[in-house]
Protein chains: 2
Amino acid sequence: MTAVTLKDVAERAGVSIKTVSNVVRNAPRVSEATRKRVLKAVHELGYRPNPSARRLRTGHSGLIGLAVPDLATPYFAELAQHVRAEAAQLGLTVLIEETSGDATEELRLATGVGASLLDGVILSPLGVSPDELAAVASEFPLVLLGERSYERDQVGADHVLIDNVAAAREATAHLAGLGRTRIAAIGVDRQASATSRQRLEGFQLALHEAGVTYDPRLAPSIKEFDRRNGLLAMRALAALPVGVRPDAVFCFSDLLAVGAQRALFEAGSHIPDDVAVASIDGSDEALYSTPSLTSVVPDKAAIASLAVKCLAARIRSEVPLPFEVHTAPHWLRARESTNGGRQQLFR
Amino acid sequence: MTAVTLKDVAERAGVSIKTVSNVVRNAPRVSEATRKRVLKAVHELGYRPNPSARRLRTGHSGLIGLAVPDLATPYFAELAQHVRAEAAQLGLTVLIEETSGDATEELRLATGVGASLLDGVILSPLGVSPDELAAVASEFPLVLLGERSYERDQVGADHVLIDNVAAAREATAHLAGLGRTRIAAIGVDRQASATSRQRLEGFQLALHEAGVTYDPRLAPSIKEFDRRNGLLAMRALAALPVGVRPDAVFCFSDLLAVGAQRALFEAGSHIPDDVAVASIDGSDEALYSTPSLTSVVPDKAAIASLAVKCLAARIRSEVPLPFEVHTAPHWLRARESTNGGRQQLFR
DNA sequence: TCGATTGGTTCCAACGTTGTAACCGCGAAA
DNA sequence: TTTCGCGGTTACAACGTTGGAACCAATCGA
């Protein structure tokens, strides 16, 4: 309540307000003697700059936003941690927001809270169209994660992503490599998000390469990328007649896979003997699941690093920078849900 | 960048800046005609109030902070969602911060970012002492979740919590009710956090009531409430000689239990026949785990609701309010990890 | 008719900060 | 001696907003 201001510090140190401001901002042209005196007063009074005033005056607050659809999704929670760590290194504070995948909320964040409180936003869009976001990105620092549904020459914002097609292809190829021929896909979503379509593409590509024909019955539509949808989808797949029923399933996210594993457990099916399971996300939850889940692990640290650095550069820059697309690496981690057995996680 | 200000709207509507301000704030004493004209201009220009300026002038920003130790912990992620939902109903925006359980970071959040950017903070402390927080709470709206290590008459801040002793007691009693006599506890932490001590107390209480003597060898110390610590602790417990080895384990968090389940899976033990497992948190991860995990479910919606309402009241109030302690309900959900069997999660 | 009241609007100052320009010594160059 | 440059400091204005007081009709009661 009783906030300490520059004025209080100035009085105590016996200098002008502006000199104190110069000291706290590490501006040049301050004698060593005054600097010491001022810092002493700052410390004694416990002065902390007021971000609102600073932002109002300079247009910069040192705050960036991270907006993800759902924090309870391990992938996003883990990503958030990496983003925080990366931002801290650049002296930036991250404020995390949750959009629930709602288009209005996503736009509000970018234009509303974002534009006048935050210096920039890293957004993982789900509901909002690229066009709308491009309009925002042209006048506010915005880096998009993942979703990129348009062509390379039409980029309207910075992007950081993994090669979704390749990732899905590797996971599916791994399943096919086990000799499985009836491979299902869980994660085709109703709204046909970019991520979902790209992963389906990689899935189909791998099937084709393995000489397996794509059976639409084995690629049911889901509503959300959560455990429940994975469970229900797998339950439906397991109820298919023998001959159609899958012997492997590629899930478009770890949560879907966890749900699928649960459905198989309930049905008394053995993983991977009856059905092998693979997914994408590489979350800790997948690692500890029983059996541990084969998953494509995106380099979250790299994604976070690229996104934060890209955003910071755009914030710093006076002139409009060309939009960039960064691709982060990923690895397939084959575990018990495809290899079988029981491994000790640590040593 | 080209932010629309009150001035722009005023010019367009042909009124003074202050009148526009009155309209957007829903202040009285504005004729219906002007109000309409102004709102039209607001809409046409896409005006959005500048939170920094507003905060600077009024001291209120409509923003509250939620600071939790670790977002990748399902319990906190789910709690965050409830807090967001509750705050939205009161017209408040929630900014989520992660403290990593670091005392300095926790204090920084409450006094630093908090005091000059946010109207108030809901904090789930882990590393910082109640005394330090009480000092902050006396001059800045602060609601604490969970931790309350001092006596009822010494409360120095608002608190929202569940009855940890009772919750631990119920879970342990449930295990004892299965006829288990060698019941272990995983979650006694090195720093002896309040939560950990209260749950240990409830655990011992239930043992006593069941006529089982407490064996310190079955209550190993851990460093963090994560999956890895649960795995390592359970692995060590399972390696104890026959006769000492536990036939049940109560974990102080779902993540610990997930780790413990993994250890039992690796060791080839059957849950619950060989070892029954129960925990506290009631996260979705526990529900979907195989076998599904018996857990004490705190009413997260109630916790969030109480915390947000309490904080909002303190923010609104001009005069210092007496500190309150709210207790939210909890329920034991017995599932496969103690009851055995295979149940279908939905219908 | 006049003063008082009321509804509606405007003017002014201030929140805490920083950019710009101005100021003031002092030593060096002319 | 004067002038210039420069390190170090200060005064002032402004960012967008809102609280308070002032202002200006118009209506009302006496």
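We name chains A, B, ... by the order of the sequence lines, and we start the count at 1 in each one. Just the heavy atoms: all of them, side chains too, but no hydrogens, waters or symmetry mates, feed the values below.
The side chain of B:Thr34 contributes an N or O atom lying less than 4.0 Å from OP1 or OP2 of C:dT9. Contact annotation: B:Arg25 side-chain N/O to D:dG19 OP1/OP2 distance is under 4.0 Å. Distances shown here put a side-chain N or O of A:Thr19 below 4.0 Å from the OP1 or OP2 atom of D:dT10. Taking only side-chain nitrogens and oxygens, A:Thr5 never comes nearer than 4.0 Å to OP1 or OP2 of C:dG16. Side-chain nitrogen and oxygen atoms of B:Thr58 include none within less than 4.0 Å of the OP1 or OP2 phosphate oxygen of D:dT17. For the pair A:Ser21 and C:dT17, the criterion of a side-chain N or O lying under 4.0 Å from OP1 or OP2 is not met.
If you measure from atom NE2 of B:His60 to atom P of D:dT18, you get 13 Å, rounded to the nearest angstrom. Atom C1' of nucleotide D:dA13 and atom CD1 of A:Ile17 are separated by 13 Å, given to the nearest angstrom. Between A:Asn50 atom CG and D:dC15 atom P the separation is 18 Å, expressed in whole Å. Between the NZ atom of A:Lys36 and the C1' atom of D:dG8 there is a distance of 18 Å, rounded to whole Å. Whole-Å rounding puts the B:Leu56 CG to C:dC15 C1' distance at 4 Å. Between the CD atom of B:Glu32 and the P atom of C:dT9 there is a distance of 11 Å, rounded to whole Å. Atom-to-atom, CG of A:Asp8 to C1' of C:dT17 comes out at 13 Å; the value is rounded to the nearest Å. As a whole-Å value, the separation of B:Arg55 CZ from D:dT17 P is 16 Å.
With rounding to the nearest 0.5 Å, the separation of CG in B:Leu161 from CG in B:Leu145 is 8.5 Å.
Residue whose closest nucleotide on DNA chain C sits further toward the 5' end, between A:Arg57 and B:Ser16: B:Ser16.
B:Asp158 places no side-chain N or O within donor-acceptor distance of the main-chain N or O of B:Phe323, the cut-off being under 3.5 Å. Counting only distance, with no hydrogens or angles, the side chain of B:Thr58 and the backbone of B:Arg54 share a donor-acceptor pair below 3.5 Å. Of the possible polar contacts, one joining the B:Ser16 side chain to the B:Thr19 backbone as a donor-acceptor pair under 3.5 Å is found.
No donor-acceptor contact under 3.5 Å links the side chain of A:Lys7 to the base of C:dG16. Side chain B:Lys18 to base D:dG20: a donor-acceptor pair is found below 3.5 Å. If you check distances only, the side chain of A:Arg54 never reaches the base of C:dT17 with a donor-acceptor pair under 3.5 Å.
Closest to the side chain of B:Ser31, from the set D:dT18, D:dG8, C:dT9, is C:dT9. Each of C:dT17, C:dT9, D:dT18 was ranked by its minimum atom distance to the side chain of B:Leu6; first place goes to D:dT18. The side chain of B:Val24 approaches D:dT18 more closely than any other nucleotide in the set D:dT18, C:dT18, D:dT17.
Defined by atom type and a distance below 3.5 Å, a donor-acceptor pair is present between the side-chain atoms of B:Arg25 and B:Ser21.
Remark: A:Lys36 does not engage A:Glu32 in a salt bridge, criterion side-chain N to carboxylate O under 4.0 Å.
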